[in-house]
Trainee: 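Structure provided below as structure tokens; questions to follow.
Since we're looking at a predicted model, the values are computed, not measured.
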2 protein chains.
Amino acid sequence: MFLPHPHADQIALPNVLAVLGDPTRLAIVAELARKNGGPVPCGHFMDLCSSKTNLSYHLAKLREAGITRTEAVGTSRFTTLRREELDRLFPGLLDSVIAAAGKPALATEPVR
Amino acid sequence: MFLPHPHADQIALPNVLAVLGDPTRLAIVAELARKNGGPVPCGHFMDLCSSKTNLSYHLAKLREAGITRTEAVGTSRFTTLRREELDRLFPGLLDSVIAAAGKPALATEPVR
DNA sequence: CCAATTGTTCAATTGATTTTGAACTAAGGA
DNA sequence: TCCTTAGTTCAAAATCAATTGAACAATTGG
């Protein structure tokens, strides 16, 4: 049971953006930021997801994109934001995303 | 021949991120930034795309997400970045994306 | 040891995006 | 007017991502 995390030099900008582009995952990141970057156990995000399975899926996406780090402690897994690393790679990006996601947000849905 | 553009209050953060999360579109935005935000005619981006049709598709996505503005002049369409508006909505976001996309970029592909 | 708690994995399904090619529109120049 | 240039639209095909449910693993409390 090893949780693969990308190395800083394996974190790709388009992938980070695409992964943050999912409303569920963006909400998870915003909540993590509200909790000061974590660590936060998976269960904490249950209300943002339809099921445990689905939550697991989204947390894996965040981890694989290099946005979060997950460590197992007992039967729980604690997730933290990889803030410093991301800010070194993409200065200002995560901060602006978190700030914008934190606000009431006018539109949640795109216009077609 | 009307080109629909979302109003500032219809621009949604998750959608903006998802649309920027595509490598082709990110390259288009980076090129627009290199050209000082435009205006730039569609044809200028042809080398970033597999076909005219496909370029049209990606430019439409950018426009519909509120990232660019397109105006028709004669038989051409000129695209510009909606910088000020986006910066008002999501301060610092576009700048950090452009700065990060501009650099040589270590990883282009995600780690699985 | 047993049961409950936490969370993952797998495979199937559904659903959404991307890509492609053919047909089309609109403007401009010869 | 006819041809070329610039770009769009549509529908089909291919691809990729998200959701679901059943089964599983590991840890902890009783």
Side-chain angles (χ1 to χ4, degrees), chain A residues 1-5 12 14-29 32 38-65 67-80 108-112, chain B residues 1-5 12 14-29 32 38-65 67-80 108-112:
Chain A
M1 191 196 271
F2 297 108
L3 303 174
H5 290 86
N15 194 235
V16 166
L17 293 173
V19 165
L20 289 175
D22 179 278
T24 300
R25 292 189 292 254
L26 189 56
I28 290 174
V29 167
L32 263 172
V40 170
C42 301
H44 181 79
F45 305 107
M46 272 303 291
D47 48 340
L48 300 176
C49 260
S50 55
S51 64
K52 247 180 358 166
T53 292
N54 191 235
L55 175 57
S56 206
Y57 169 76
H58 285 301
L59 287 174
K61 282 272 173 183
L62 286 167
R63 175 170 47 71
E64 288 164 8
I67 297 165
T68 58
R69 194 171 281 288
T70 302
E71 55 167 341
V73 174
T75 178
S76 294
R77 268 131 198 248
F78 290 90
T79 296
T80 49
T108 314
E109 285 307 310
V111 169
R112 280 279 157 184
Chain B
M1 193 199 268
F2 297 110
L3 302 173
H5 290 87
N15 193 235
V16 167
L17 293 172
V19 166
L20 290 175
D22 178 278
T24 300
R25 292 189 293 252
L26 190 56
I28 291 174
V29 167
L32 263 173
V40 170
C42 300
H44 180 80
F45 305 108
M46 271 303 290
D47 49 338
L48 300 175
C49 257
S50 55
S51 63
K52 245 179 2 166
T53 294
N54 191 237
L55 175 57
S56 205
Y57 169 76
H58 285 301
L59 287 175
K61 281 273 173 181
L62 286 167
R63 175 171 45 73
E64 288 164 6
I67 297 165
T68 59
R69 194 171 282 286
T70 301
E71 54 167 343
V73 174
T75 177
S76 294
R77 269 131 198 249
F78 290 90
T79 297
T80 49
T108 315
E109 285 306 311
V111 169
R112 280 275 157 186

Trainee: What is the distance from CE of Met46(A) to P of dT8(C), rounded to the nearest Å?
Mentor: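 These atoms are roughly 11 Å apart.
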
Trainee: Counting just side-chain N and O atoms, does Arg77(B) come under 4.0 Å of either OP1 or OP2 of dA26(C)?
Mentor: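 Result: no.
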
Trainee: Can you check whether His58(A) has a side-chain N or O nearer than 4.0 Å to OP1 or OP2 of dT19(D)?
Mentor: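 Answer yes for this pair, as a side-chain N or O of His58(A) is under 4.0 Å from OP1 or OP2.
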
Trainee: Are any of the side-chain heavy atoms of Glu71(B) and Leu3(B) separated by less than 4.5 Å?
Mentor: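 A side-chain contact under 4.5 Å is absent here.
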
Trainee: Would you kindly give the OH-to-C1' distance between Tyr57(A) and dG15(C), to the nearest whole Å?
Mentor: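 Going from OH in Tyr57(A) over to C1' in dG15(C) covers 12 Å.
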
Trainee: Of the nucleotides dT19(D), dT18(C), dA6(D), which has the atom closest to the Lys52(B) side chain?
Mentor: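 Output: dA6(D).
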
Trainee: Any side-chain heavy atom of Ile28(B) within less than 4.5 Å of one from Leu55(B)?
Mentor: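 Ile28(B) vs Leu55(B): side chains touch.
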
Trainee: Counting side-chain heavy atoms from C-beta on, which of dT18(C), dT20(D), dT8(D) comes nearest to Thr53(B)?
Mentor: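 For the Thr53(B) side chain, the nearest candidate turns out to be dT8(D).
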
Trainee: Which of these nucleotides, dA18(D), dT20(D), dT6(C), is closest to any side-chain atom of Arg25(A)?
Mentor: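 Of the candidates, dA18(D) comes closest.
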
Trainee: Search all heavy atoms of Arg63(B) against all heavy atoms of Pro4(B) and return the closest pair with its distance.
Mentor: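 Scanning both residues completely, I find the closest heavy atoms to be NH1-O, 2.9 Å.
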
Trainee: With heavy atoms under 4.0 Å as the rule, sort Ser76(A) into base, sugar-phosphate or nothing.
Mentor: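 Sugar-phosphate: the residue Ser76(A), judged by heavy atoms under 4.0 Å, touches backbone atoms but no base.
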
Trainee: Of Leu55(B) and Ala18(A), whose nearest nucleotide on DNA chain D comes first from the 5' end?
Mentor: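 Whichever sits nearer the 5' end wins; that is Leu55(B).
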
Trainee: Does a side-chain N or O of Thr75(B) approach OP1 or OP2 of dA27(C) to a distance below 4.0 Å, or not?
Mentor: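 No, Thr75(B) has no side-chain N/O under 4.0 Å of OP1/OP2 on dA27(C).
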
Trainee: Just the rounded figure in Å: distance from P of dT5(D) to CZ of Phe78(B).
Mentor: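 So the two atoms are 17 Å apart, to the nearest Å.
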
Trainee: Rounded to whole angstroms, how far apart are CG on Leu48(A) and P on dA18(D)?
Mentor: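 Between P of dA18(D) and CG of Leu48(A): 16 Å.
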
Trainee: What is the distance, to the nearest angstrom, from the CD atom on Glu71(A) to the P atom on dT27(D)?
Mentor: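 Distance check: Glu71(A) CD to dT27(D) P gives 15 Å.
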
Trainee: Please state how far atom CD in Glu64(B) lies from atom C1' in dT18(C), giving the value in whole angstrom units.
Mentor: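 Value for this atom pair: 14 Å.
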
Trainee: Reckon Ser50(A) touches a base, only the sugar-phosphate, or nothing at all at heavy-atom distances under 4.0 Å?
Mentor: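 Answer is sugar-phosphate: Ser50(A) comes under 4.0 Å of backbone atoms only.
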
Trainee: Between Leu3(A) (CG) and dG7(C) (P), how many Å, whole number?
Mentor: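 Checked: the CG to P distance equals 12 Å.
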
Trainee: Can you identify which nucleotide, out of dG7(C), dA18(D), dG7(D), has its nearest atom closest to the Pro41(A) side chain?
Mentor: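 Among dG7(C), dA18(D), dG7(D), the one nearest the side chain of Pro41(A) is dG7(C).
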
Trainee: Could you please name the option among dT9(D), dT6(C), dA18(D) that lies closest to any side-chain atom of Asp22(A)?
Mentor: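 So the side chain of Asp22(A) is nearest to dA18(D).
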
Trainee: Nearest to the side chain of Asn54(B) - dT20(C), dG7(D), dT6(C)?
Mentor: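 Nearest listed nucleotide: dT20(C).
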
Trainee: What's the spacing between Leu62(A) CG and Leu20(A) CG if we round to 0.5 Å?
Mentor: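 Answer rounded to 0.5 Å: 7.0 Å.
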
Trainee: Could you report the tightest heavy-atom contact between Ala65(B) and Val16(B), atom names first, then the distance?
Mentor: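 For Ala65(B) and Val16(B), the tightest heavy-atom pair comes out as O-CG2, 3.8 Å.
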
Trainee: Using whole Å, report how far CG of Asn15(A) lies from C1' of dA17(D).
Mentor: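 Computing the Asn15(A):CG to dA17(D):C1' distance gives 12 Å.
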
